[in-house]
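First up is the structure itself, then whatever we jot down about it.
In this text, all values refer to a predicted model and were calculated from it rather than measured experimentally. Protein chains get the first letters and strands the later ones, always in sequence-line order, with residue 1 at the start of each.
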There are 2 protein chains.
Amino acid sequence: MTTATPQPQAGAEPPGPGAGRPRAAVMEDVAALAGVSAMTVSRVLNTPAKVAPKTRERVLSAMRELDYRPNSAARVLATGRSGVLGVVSLDTTLYGPACTLYGIERAARSAEYVITIASLGELNRRSIEDGVERLRAQSVDGVVIIAPHRSAAEGLRRLPPDLPVVVVGAGDDLTVPVAAVDQRAGAVRAVRHLLSLGHETVWHLAGPADWVDADGRVEGWRAVLEGEGRDVPPLLSGDWSARSGYEQGRVLAADPAVTAVFAANDPMALGLLRALREAGRRVPEEVSVVGFDDVPEAPYFAPPLTSVRQPFGEVGRHAFQLVLERVGGGGGGGAPPGGPPARRTVEPELVVRESTAVRRGAR
Amino acid sequence: MTTATPQPQAGAEPPGPGAGRPRAAVMEDVAALAGVSAMTVSRVLNTPAKVAPKTRERVLSAMRELDYRPNSAARVLATGRSGVLGVVSLDTTLYGPACTLYGIERAARSAEYVITIASLGELNRRSIEDGVERLRAQSVDGVVIIAPHRSAAEGLRRLPPDLPVVVVGAGDDLTVPVAAVDQRAGAVRAVRHLLSLGHETVWHLAGPADWVDADGRVEGWRAVLEGEGRDVPPLLSGDWSARSGYEQGRVLAADPAVTAVFAANDPMALGLLRALREAGRRVPEEVSVVGFDDVPEAPYFAPPLTSVRQPFGEVGRHAFQLVLERVGGGGGGGAPPGGPPARRTVEPELVVRESTAVRRGAR
DNA sequence: TGCCCTGATGTTTGCGCTAACGCGATCGGC
DNA sequence: GCCGATCGCGTTAGCGCAAACATCAGGGCA
């Protein structure tokens, strides 16, 4: 007799004989059991300080007894806040995105947020807008976009202005806040390291042309070489995969002038190592190789790979932080008043292992 | 004057001078513009066939004009269905979980579902229950648990019975449906392959003892050896990491009797390869190695790794399918009437590369 | 003693949507 | 030409919760 709503399954009569489980308890039920009004129950949940300790205890124990769980949909409807953060990402199987996602998730968890993901089959304006839209339809409070892609950046320009959005690892010409690793600095360190070992110059095996991360690394590489007055060898590009590293590596291996290579990520470096090995060129005696990412397996490559470690977890944390600030503070407004949008950058770190060595007969 | 609700930000008067954006359109607005009732708008969204084509068109164009987006929270509240699927997973950074997650996500997307994830810091009864609880608080329609861990399995026994749950890769003594790779079959193939190359027996570098996947591989390995009347060497275990593979590999490398090793995953195989190399034992000439997972980099290891490919994407798809069946059909009533819960298994595949070869002087 | 103020609790209302039903109009069959 | 069966759409009534305002008790202070 309680409410007699047209709940489809399971009879609703309280003292019914068999009949399925007795519908989950709602706030009203708790209130009745505790002898208070529903509003007081709500207060116990949201502003416990405003409820007398004794009452609060009574309500809490009623909740326990009924195994009450607040209905999030109802709360969202009433408050306009969902406590859900959306993440749009390209292929979450890749090491970088996966780690970033994980970082975001951990940060979100400790702030009582939950995240929902929309991964993209391909990366372009359409798919990004589509991903954001899918999340928006779920009333997320904000969105983090992991899409370090040039063409993606365009899609970002026409985002819904009423939704806090933060981008991970994009270029710096955007109107949205960005959390990123300083790719340029990482590349600089890698190249400086190689030059300091006596190499005349450094080849670069870059990532796909329209990835902003790849661009940053190319820039850093070129800047150091030019700054030191070295030759800038022709650029080779792969697609991040070990396979592409192998293919380009065969080209490099055939050129005896090549003594130092900076690969834009670890899988490509791995492919490169194999190509060098097959060509009979020893690493690091004849050729030094530096990777980027420092995947957990890098220390076990043949030889153990010198690499630039990216603190993806940190980036994820920053990204979450940025969204949170926008959700809470700015009331959903885009950039903070005046000035360009926030940009949080973290520094990568060079980890030296055995794939780099002093150039034979240097100096 | 439309509704004059206490919306915090932005004045609500229609012809107000400055004042922020004009509140998102709701169903009533669309209805008004199209000259119909809100219910008809709702029908256009949910049962378009029941609306006259002409009316439907009018409504649709009104939606477009107002940039209307249905409010999911309200819909959830009214229907009890959220269209959200929860995924509880250990460290989504690991290759297996990441791929499975991705598979689930793709399957979900094509079914108009969205997924939210709760990753776990550690894996035990408490954390699993906690993860499920966190998701449940978000009114998910169902949950997939990626937790191939013995101790996890216990946590599964006392899941809320009113929530459709599917487990990925768990043991077979559960009361919930399972989607999994047939680990045993994969191990059998790996070991058979090695025996067929003339090796007297096969060592096994296993995963952590309480992982069900690890167990399955151990079982398959042991079964083949015993079935063929071979010696069963002592078992070595790692923790899935390349580092542990390296450490255990040093032990194996020191034993000249070892000519064939089956590693329980690729990173451990990688570490093992390094240990063998450092010990001066050549692969595959002196020692053959097989991995498990077939990560994308495996073909570029030194030497390219023979491995057992796990179709994680498939598993993800099956897992999603299983939940969906439970959400739609069973009305959330746990296992299907009679018989044990469903179990969907996919077969892994052996990919032969250059880390395995005929035993020197065999037969 | 009377007043206002504070703190604890209750009442009302509405968030945006959809299930269930109702009612008029159209339609085919005999 | 009448009747029941559609079809198309509107009306009503909640889903469970929280914001705003209302209420009521007690206590300090003049």
Next on the checklist: Is the shortest side-chain heavy-atom distance between B:Ile146 and B:Ile104 below 4.5 Å?
Outcome noted: yes

Task: 4.5 Å side-chain heavy-atom contact, B:Val166 and B:Phe320 - done: no

From the list B:Met63, B:Glu65, B:Arg58, side-chain contact (heavy atoms from CB on, under 4.5 Å) partner of B:Val30 resolves to B:Met63

Rounded to the nearest Å, what distance is computed from the [atom1] atom of residue [X] to the [atom2] atom of nucleotide [N]?
X       : N      : atom1 : atom2 : value
B:Met39 : C:dC17 : CE    : C1'   : 9 Å
A:Glu28 : C:dT11 : CD    : C1'   : 12 Å
A:Leu77 : C:dG14 : CG    : P     : 14 Å
A:Leu66 : D:dG16 : CG    : C1'   : 15 Å
A:Arg75 : C:dC15 : CZ    : C1'   : 14 Å
B:Arg81 : C:dG16 : CZ    : C1'   : 20 Å

*Taking NZ, NE, NH1 and NH2 as the nitrogens, is one of them in A:Glu105 or B:Arg134 under 4.0 Å from a carboxylate oxygen of the other?*
yes

Run the salt-bridge test on A:Arg317 and A:Glu314 with the 4.0 Å N-O cut-off and return the result as yes or no. yes

Would you classify [X] as touching base, sugar-phosphate or nothing, given that sugar-phosphate means primed atoms plus P, OP1 and OP2, and contacts are heavy atoms under 4.0 Å?
X       : result
B:Val36 : sugar-phosphate
A:Thr79 : sugar-phosphate
B:Met27 : base

Within residues 45-57 of chain B, the residues having a heavy atom closer than 4.0 Å to DNA chain D are B:Val51, B:Ala52, B:Thr55

> Reckon B:Thr40 has a side-chain N or O less than 4.0 Å from the OP1 or OP2 of D:dG8?
Replying inline: no

Counting only heavy atoms not in A:Glu28 (residues, nucleotides, ligands), do more than 12 fall under 6.0 Å from its CD?
no

Expected output: side-chain B:Ser72 to main-chain A:Ala137 donor-acceptor under 3.5 Å:
yes

In this structure, CZ of B:Arg56 is separated from NZ of B:Lys50 (nearest 0.5 Å) by 13.0 Å

- Message: For the residue pair B:Ser82 / B:Ser139, report whether a side-chain donor-acceptor contact shorter than 3.5 Å exists.
- Response: no

Tabulate protein N/O versus nucleotide N/O from nucleotides 21-23 of chain C, keeping only pairs under 3.5 Å, one per line.
none

Sorted by position of nearest nucleotide on DNA chain D, 5' first, the leading residue of B:Ala74 and B:Ala38 is B:Ala38

